[in-house]
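When a ligand or atom number is given, it counts from 1 through the structure's own listing order.
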Amino acid sequence: MGNAVNWSGAKPQADLHTHSSASDGELTPVALVRKAHAVGLATLALTDHDTVAGLDEARVAAEEVGIEFIPGIEIEIDFQPGEFHLLGYGIDPHAPALLAAIEKLARARHERNVAILERIAHAGLPLDTARIEALSYEAYLGRPHLADLLVDAGCARTRQDAFDRYLGKGRPFYIKKTCLPLEEALSVITEAGGVAVVAHPYSLFVSKAMLKRLFSQWKEMGILGIEAYHPTAKYGQCAILERMARERGMFITAGSDFHGKARPECGLGRTAGNMPIDARFRDELVSALRDLRRNSAQ
Ligand code: AMP
Ligand code: ZN
Ligand code: FE
Ligand code: FE
């Protein structure tokens with residue numbers, strides 16, 4: 001439906017959900033910032049999965065090119081049946097509680113990678129698992145990377161094919177990841193001086209009636225924002241999320257979830273229905289952060 005909206009002429013001004021090579025994005029933090037500048041964005045938030053490793057570099061690069069930078073993170077939350085991702089914005093990348101939580105997640109991720117690799121080896125697929133195990137000690141390594149390795153080894157045609165055959169939920173090499181409980185992720189973000197926003201709520205895979213109840217609970221517990229606009233949902237469905245959030249006095253954001261070539265459908269600065277992300281979303285987020293700072297200073 002909303003894909004029929006004509007955005008011609010409007011230019012993207014911000015992007016509030018992006019990934020760099022510090023997690024599973026294609027571009028380095030510096031290259032991502034330069035691209036944001038090149039496409040004309042005035043504001044960029046970097047929200048890598050479970051890591052703050054790219055934030056310092058990105059901040060320096062943003063100062064150099066003269067765009068506003070908002071440090072962020074995307075943390076996966078324990079949830080069934082779908083996926084629950086919590087975004088944190090305006091975080092201090094050096095906050096001890098945040099670093100401790102990230103360390104814990106990295107350890108769990110590593111253990112899971114090793115378990116997945118054991119299954120791959122057991123199945124007799126030709127992967128250099130020793131090399132990968134070494135790699136996963138050093139840097140963020142997730143299923144998308146393992147999928148690429150399966151492709152390189154000739155076991156799958158594409159990353160998606162590797163998920164469909166081996167790594168996706170219910171497939172033979174799928175192992176559940178240890179995630180943070182919502183309360184813990186929220187308190188980690190809050191302690192790091194950040195504001196929490198629920199990412200792409202439709203990925204939770206619950207009914208709209210259930211989402212409404214959850215929105216109210218989240219608001220109650222101190223999650224102030226909803227990422228209403230995300231490229232995986234239709235524009236009209238996103239507008240419904242915006243209304244649900246507004247009814248509860250929550251602010252809304254929009255993002256591309258840019259990963260680079262791996263997900264070419266998500267162009268930097270654009271979101272659901274190819275809508276260019278307007279500065280109004282940035283303004284809502286920045287004013288929520290300002291309120292938070294003001295309240296905590298009192
Ligand atoms: P991980 O955190 O290691 O479990 O990897 C999660 C990432 O894998 C997500 O952010 C997606 O990019 C990707 N992913 C998860 N499930 C699928 C799927 N069924 N097909 C393609 N990509 C997927
Ligand atoms: Zn990702
Ligand atoms: Fe996400
Ligand atoms: Fe994301």
Side-chain angles (χ1 to χ4, degrees), residues 14-29 31-32 35-36 44-55 58 70-89 91 102 105-106 109 112-113 136 139-149 158-160 162-163 167-169 176-177 179-180 182 185-186 189 194 196-206 211 214 218 223 225-233 237-238 241 252-272 277 281 285:
D15 201 326
L16 303 174
H17 186 159
T18 67
H19 295 271
S20 76
S21 56
S23 64
D24 61 345
E26 177 203 357
L27 302 180
T28 64
L32 178 68
K35 186 177 171 80
L44 177 76
L46 175 60
T47 54
D48 274 312
H49 302 281
D50 299 345
T51 182
V52 291
L55 296 180
I70 300 176
I73 190 166
E74 183 175 24
I75 300 176
E76 188 165 351
I77 306 299
D78 262 324
F79 189 82
Q80 292 292 341
E83 285 190 21
F84 187 162
H85 293 179
L86 191 67
L87 294 158
Y89 289 106
I91 48 169
I102 287 170
L105 288 172
R109 185 177 276 286
R112 178 211 201 198
N113 285 336
S136 104
Y140 174 99
L141 198 73
R143 280 184 296 157
H145 304 91
L146 297 178
D148 290 347
L149 292 165
T158 59
R159 190 186 266 196
Q160 189 58 52
F163 269 96
L167 292 165
K169 232 177 194 167
K176 195 177 168 300
K177 188 171 64 179
C179 308
L180 290 187
L182 181 57
L186 176 61
I189 289 169
V197 173
V198 174
H200 42 68
Y202 287 124
S203 76
L204 272 71
F205 217 64
V206 298
L211 269 185
L214 287 171
W218 294 335
I223 298 174
I226 297 289
E227 183 187 55
Y229 293 89
H230 185 273
T232 51
Q237 294 298 312
C238 294
L241 291 178
I252 59 153
T253 68
S256 69
D257 212 348
F258 182 77
H259 281 74
K261 277 204 292 285
R263 295 208 211 148
E265 71 283 9
C266 311
L268 194 61
R270 292 187 175 264
T271 187
I277 300 170
F281 297 105
L285 173 58

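- With no hydrogens or angles considered, a side-chain donor-acceptor pair links His19 and Glu74 at under 3.5 Å.
- Residue-level check: among N/O/S atoms of Glu74, OE2 sits closest to the Fe ion (ligand 3).
- Geometry note: the Fe ion (ligand 3) is the vertex, His200 NE2 and His85 ND1 are the arms, and the angle is 100° (rounded to 10 degrees).
- When the Fe ion (ligand 4) is compared with the N/O/S atoms of Asp257, atom OD1 turns out nearest.
- Not one N, O or S atom of His19 sits under 2.8 Å from the Zn ion (ligand 2).
- Judged purely by atom type and a 3.5 angstrom limit, Glu83 has no side-chain atom pairing as donor or acceptor with the backbone of Ser203.
- Inclusion of His49 in the first shell of the Fe ion (ligand 3) is not supported: no N, O or S atom falls under 2.8 Å.
- Paired with Ser20 under the rule side chain to side chain donor-acceptor pair (under 3.5 Å), one option of Thr47, Thr28, Asp48 passes, and it is Asp48.
- Side chains of His145 and Asp24: a donor-acceptor N/O pair is absent below 3.5 angstrom, by distance only.
- Centred on the Zn ion (ligand 2), the angle running from His259 (NE2) to Asp24 (OD1) is recorded as 90°, rounding to 10°.
- Using a cut-off of 2.8 Å, one finds that His17 contributes no N/O/S atom close to the Fe ion (ligand 3).
- What you find for Leu16 and Ala254 is that their closest heavy atoms are CB-O, 3.4 Å.
- Below 30°, between 30° and 60°, or above 60°: for Phe84 and Trp218 the angle between ring planes is between 30° and 60°, a tilted geometry.
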